[in-house]
Amino acid sequence: MDRFLYLAMSGAKETAYAQSINNHNLANANTTGFRQALAYAYTAPVRGPVYDSRDYVQVGNQVIDFCPGTLQATGRDLDVAVQDEGFLVVQTEDGGEAYTRAGNLQVDATGVLRDARGLAVLGDGGPITIPEYESLNIGTDGTITIRPAGAAPNALAAVDRLRLVKPDTQNLLRGEDGLIRAQNGQVAVPDASVRVVSGMLETSNVNTVASLTRMIELSRAFETHIKMMETASSNEKNHNRLLAVS
């Protein structure tokens with residue numbers, strides 16, 4: 001009976017974990033540049049010295065789905081969307097580097113270019129600082145060109161260039177802050193093949209219909225495991241009662 005109970009408990013535990021990942025995806029369905037996480041399960045066999053014992057279910061580490069989202073036009077000069085593969089690079093609070101697809105950028109009061117989280121966006125020479133300007137344009141290669149405040153219409157100046165990278169996605173993981181990092185801690189070098197589109201943002205790649213359907217499936221699976229555990233408990237009580245009578 002303990003096998004029955006522990007197998008059901010294993011299934012319920014991992015189903016609840018998969019549900020939490022699915023719920024996190026749904027919560028970020030409208031987050032710019034978000035990449036959904038995928039939970040995969042595998043069989044973890046337990047073998048005895050003589051007979052095969054049992055097979056537990058285990059959920060592996062989260063896998064990030066790097067399929068692109070759709071591009072939406074905003075008409076805002078500081079909005080950029082990364083085309084195909086690649087990432088923008090931001091400076092984390094601890095001074096490290098992380099990758100993001102969220103291109104809804106802004107310039108703070110000191111002229112530092114930041115993402116929606118307030119993290120500094122990195123360029124070829126570190127955090128990008130933009131002086132006061134009349135107009136701004138971000139080229140497909142990430143070059144930021146401005147017309148300085150008070151300058152003539154044809155007086156354009158290149159300020160910096162967004163640092164665009166394309167690391168191996170097999171070596172990437174998402175931290176608790178939602179940012180993407182390399183598992184080995186290595187820093188990706190700039191990749192000239194990465195292109196951006198100005199005046200557009202990339203949506204989340206979460207399919208809300210599929211995620212809602214998945215949520216229902218996981219809920220039903222969890223209920224099934226709980227009923228199995230209740231059945232195991234009931235059978236155990238009946239067995240104890242029979243033993244007491246005998």
Side-chain angles (χ1 to χ4, degrees), residues 28-35 66 68-167 172 174-182 186-206:
N28 287 277
N30 294 321
T31 301
T32 301
F34 179 78
R35 290 289 180 268
F66 287 102
T70 59
L71 300 185
Q72 291 184 343
T74 64
R76 184 171 174 267
D77 293 335
L78 285 173
D79 285 343
V80 292
V82 180
Q83 291 183 304
D84 301 323
E85 298 179 356
F87 298 89
L88 301 170
V89 184
V90 295
Q91 186 175 59
T92 57
E93 296 180 355
D94 60 0
E97 295 184 2
Y99 313 129
T100 180
R101 298 276 297 192
N104 43 342
L105 309 180
Q106 56 191 354
V107 179
D108 67 11
T110 61
V112 178
L113 185 65
R114 299 185 181 275
D115 69 354
R117 300 168 178 263
L119 301 176
V121 179
L122 298 182
D124 291 337
I128 298 174
T129 301
I130 301 177
E132 294 186 11
Y133 60 89
E134 295 288 346
S135 62
L136 178 146
N137 178 70
I138 300 178
T140 57
D141 64 346
T143 299
I144 302 174
T145 304
I146 66 169
R147 178 163 67 89
N154 60 347
L156 302 179
V159 176
D160 205 332
R161 183 171 61 180
L162 297 172
R163 184 177 171 189
L164 303 172
V165 298
K166 189 166 62 173
L172 300 180
R174 179 166 30 227
E176 294 183 358
D177 55 3
L179 295 172
I180 307 296
R181 293 176 175 83
Q186 293 183 351
V187 177
V189 297
D191 192 317
S193 67
V194 182
R195 290 291 182 265
V196 297
V197 182
S198 178
M200 304 191 77
L201 289 177
E202 182 185 14
T203 65
S204 166
N205 69 345
V206 176

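Just the heavy atoms: all of them, side chains too, but no hydrogens, waters or symmetry mates, feed the values below. Keep in mind the model is a prediction, meaning the values are calculated, not measured.
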Visitor: Which residues pass the side chain to side chain donor-acceptor pair (under 3.5 Å) test with Thr31, sequence neighbours left out?
Guide: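 In terms of side chain to side chain donor-acceptor pair (under 3.5 Å), with neighbours along the sequence ignored, Thr31 is linked to Asn28.
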Visitor: Rounded at 0.5 Å granularity, tell me how far CZ in Arg114 sits from CD in Gln91.
Guide: 8.5 Å
Visitor: Return the minimal non-hydrogen interatomic distance between Val121 and Leu105, and the atom names on each side.
Guide: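 Between these two residues, the closest heavy atoms are CG2-CD2, 3.8 Å.
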Visitor: Should we say atom CD of Gln106 is surrounded by more than 12 heavy atoms from elsewhere, each under 6.0 Å from it?
Guide: yes
Visitor: Partners of Ala182 by side-chain contact (heavy atoms from CB on, under 4.5 Å), sequence neighbours excluded?
Guide: Asn171, Leu172, Asn184
Visitor: Going by the salt bridge (charged side-chain N to carboxylate O under 4.0 Å, His left out) test, which pairs reach into residues 119-143, not counting sequence neighbours?
Guide: Asp124-Arg161
Visitor: Looking at Thr143 and Ala158, what are the two nearest heavy atoms and their distance?
Guide: CG2-CB, 4.3 Å
Visitor: Any chance you could lay out the side-chain contact (heavy atoms from CB on, under 4.5 Å) test for Val165 and Val194, step after step, and finish with the verdict?
Guide: CA-CA 7 Å; Val165 298; Val194 182; over 6 Å; no
Visitor: Measure the CD1-CG distance between Ile144 and Leu78 for me, rounded to the nearest 0.5 Å.
Guide: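 Reported to 0.5 Å precision, the distance equals 8.0 Å.
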Visitor: Could you check if a side-chain atom of Val197 sits within less than 4.5 angstrom of a side-chain atom of Gln83, using non-hydrogen atoms only?
Guide: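 Yes. Closest side-chain heavy atoms under 4.5 Å.
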Visitor: Just verifying a value: how many Å separate Arg35 CZ and Ser204 OG, rounded to the nearest 0.5 Å?
Guide: 8.0 Å
Visitor: I'd like to check the side-chain contact (heavy atoms from CB on, under 4.5 Å) partners of Pro190; sequence neighbours left out, ordered by chain and number.
Guide: Arg163
Visitor: For the OG1 atom of Thr129 and the CG atom of Leu113, what is their distance to the nearest 0.5 Å?
Guide: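 Reported to 0.5 Å precision, the distance equals 9.0 Å.
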Visitor: Applying side-chain contact (heavy atoms from CB on, under 4.5 Å) to Glu85 and Asp191, what does each step give before you reach the verdict?
Guide: CA-CA 11 Å; Glu85 298 179 356; Asp191 192 317; over 6 Å; no
Visitor: Under the rule for side-chain contact (heavy atoms from CB on, under 4.5 Å), what residues qualify as partners of Leu71, not counting sequence neighbours?
Guide: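 Per chain and number, Leu71 pairs via side-chain contact (heavy atoms from CB on, under 4.5 Å) with Ala81, Met200, Glu202.
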Visitor: Can you find a heavy atom in the side chain of Arg117 that is under 4.5 Å from one in the side chain of Leu179?
Guide: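 The answer is yes, as the side chains (C-beta and beyond) meet within the 4.5 Å cut-off.
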Visitor: When you look at Ile138 and Leu136, which way does the side-chain contact (heavy atoms from CB on, under 4.5 Å) test go after all the steps?
Guide: CA-CA 7 Å; Ile138 300 178; Leu136 178 146; 3.9 Å; yes
Visitor: Can you see which heavy atom on Tyr99 is nearest to which on Ala188, and at what distance?
Guide: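 Shortest heavy-atom separation between Tyr99 and Ala188 comes out as OH-N, 3.0 Å.
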Visitor: Give me the atom names and distance for the closest heavy-atom approach of Arg181 to Thr92.
Guide: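 Scanning both residues, the minimum pair turns out to be NH2-CG2, 3.3 Å.
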Visitor: Starting at CG of Asp115, measure out to CZ of Arg101 and round the result to the nearest 0.5 Å.
Guide: 14.5 Å
Visitor: Kindly write out the residues that satisfy side-chain contact (heavy atoms from CB on, under 4.5 Å) with Ala102, not counting sequence neighbours, or none if the list is empty.
Guide: Thr32, Thr100, Asn104
Visitor: Is the Phe87 ring parallel, tilted or perpendicular to the Phe66 ring (thresholds 30°, 60°)?
Guide: perpendicular
Visitor: side-chain contact (heavy atoms from CB on, under 4.5 Å) for Leu88 and Leu164? Distances and angles first, verdict last.
Guide: CA-CA 5 Å; Leu88 301 170; Leu164 303 172; 3.4 Å; yes
Visitor: Got a second to check how far Leu156's CG is from Thr145's OG1, nearest 0.5 Å?
Guide: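 So the gap between those two atoms works out to 7.0 Å.
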Visitor: Kindly give the heavy-atom pair with the smallest separation between Ala155 and Pro148, and that separation in Å.
Guide: O-CD, 3.3 Å
Visitor: When you measure from the side chain of Arg195 to the backbone of Ala192, do you find a donor-acceptor pair of N or O atoms at a distance under 3.5 Å?
Guide: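 Present.
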